Asks: 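Pasting a structure here, questions to come.
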Amino acid sequence: ENDKKKTQQYTFLKLSGLVWSATKEDIRTFLHDCKIREVFITNNEKGKPSGNAFVCFESDADMEKAIAHNRENLRERYVIVEEIEEQEFLKEKEWDRNSNQPSKTSSHLTTSSLGEIEKQEFLKETEWDRNS
């Protein structure tokens with residue numbers, strides 16, 4: 001029973017130091033041995049790529065494989081791969097989508113206040129994004 005519960009627990013990473021021109025497809029290629037549920041790249045205040053991306057994985061095993069790519073090159077830059085909490089992933093996604101503002105890890109609204117219903121909605125949306 002615990003195994004079933006574990007497989008439904010998604011895991012999250014932040015990638016930093018990306019080349020400005022990196023695409024979602026580049027990130028999927030970079031993490032070729034991982035089952036990725038969702039990827040998004042954040043923009044700075046001028047609407048340009050920030051050099052950061054956030055990734056949701058299907059399982060812990062996929063996240064562990066992704067961590068093994070820490071400091072490997074994606075084109076001419078090496079990428080820092082670090083584990084983050086689900087709430088940071090949700091916060092960055094919400095901030096990026098709603099305001100087209102820079103994603104900052106400092107103090108803007110956190111999604112810890114998001115209820116279970118909003119989380120379910122978010123997961124439905126990301127499922128739709130991945131399949132379209």
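Note that the coordinates shown come from a computational prediction; the quantities given were computed from them, not determined experimentally. Only heavy atoms go into these numbers, but all of them, side chains included; no hydrogens, no water, no symmetry mates.
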Asks: Can Lys14 be said to sit on top of Phe54's aromatic six-ring, NZ or CZ under 6.0 Å from centre and within 45° of the ring axis?
Replies: no

Asks: Are any side-chain N or O atoms of Arg77 and backbone N or O atoms of Val19, one a donor and one an acceptor, separated by less than 3.5 Å?
Replies: no

Asks: Mind checking whether Ile67 and Phe30 sit in one hydrophobic cluster, side chains of I, L, V, M, F, W, Y counted as touching below 4.5 Å?
Replies: yes

Asks: Got a second to check how far Phe12's CZ is from Leu90's CG, nearest 0.5 Å?
Replies: 6.0 Å

Asks: Which atom pair, heavy atoms only, marks the closest approach of Trp20 to Gly51?
Replies: CZ3-N, 3.6 Å

Asks: Rounded at 0.5 Å granularity, tell me how far CG in Asn73 sits from OH in Tyr78.
Replies: 9.5 Å

Asks: Just wondering, more than 12 heavy atoms not from Glu82 lying within 6.0 Å of its CD?
Replies: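 Result for CD/Glu82: enclosed.
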
Asks: For the pair Thr11 (side chain) and Ser59 (backbone), establish whether a donor and an acceptor sit closer than 3.5 Å, ignoring hydrogens and angles.
Replies: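 Judged by distance alone, yes, a pair lies under 3.5 Å.
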
Asks: I need the Glu92 CD to Thr42 OG1 distance, nearest 0.5 Å.
Replies: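 Spacing of CD (Glu92) from OG1 (Thr42) equals 6.5 Å.
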
Asks: Provide the closest heavy-atom pair for Ala66 versus Cys34 in the form atom of the first, atom of the second, distance.
Replies: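 What the structure gives for the nearest pair is N-SG, 3.5 Å.
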
Asks: Against Ser16, only a single residue in Asn52, Val79, Val81 fulfils side chain to side chain contact (heavy atoms under 4.5 Å, CB included); can you say which?
Replies: Asn52

Asks: So, applying side chain to side chain contact (heavy atoms under 4.5 Å, CB included) with His69, which one of Asp33, Leu15, Leu13 is it?
Replies: Asp33

Asks: Between CD1 of Ile41 and OG of Ser50, what distance do you get to the nearest 0.5 Å?
Replies: 8.5 Å

Asks: Any chance you could measure Ile36, atom CD1, to Ile27, atom CD1, to the nearest 0.5 Å?
Replies: 8.0 Å

Asks: Within the structure provided, determine whether Pro49 and Asn43 are in side-chain contact (heavy-atom separation under 4.5 Å).
Replies: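 Answer yes - side chains close enough.
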
Asks: Are the side chains of Tyr10 and Met63 in touch, meaning some heavy atoms are under 4.5 Å apart?
Replies: no

Asks: Is it true that Asp26 and Arg75 make a salt bridge, defined as a side-chain N closer than 4.0 Å to a carboxylate O?
Replies: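 Salt bridge: yes.
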
Asks: So how far is it from Phe57 CZ to Glu83 CD, rounded to the nearest 0.5 Å?
Replies: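 Taking CZ in Phe57 and CD in Glu83, the distance rounds to 10.0 Å.
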
Asks: Between Glu38 and Lys93, is the side-chain contact (heavy atoms from CB on, under 4.5 Å) condition met? List the steps.
Replies: CA-CA 11 Å; Glu38 182 188 8; Lys93 182 175 178 68; 2.6 Å; yes

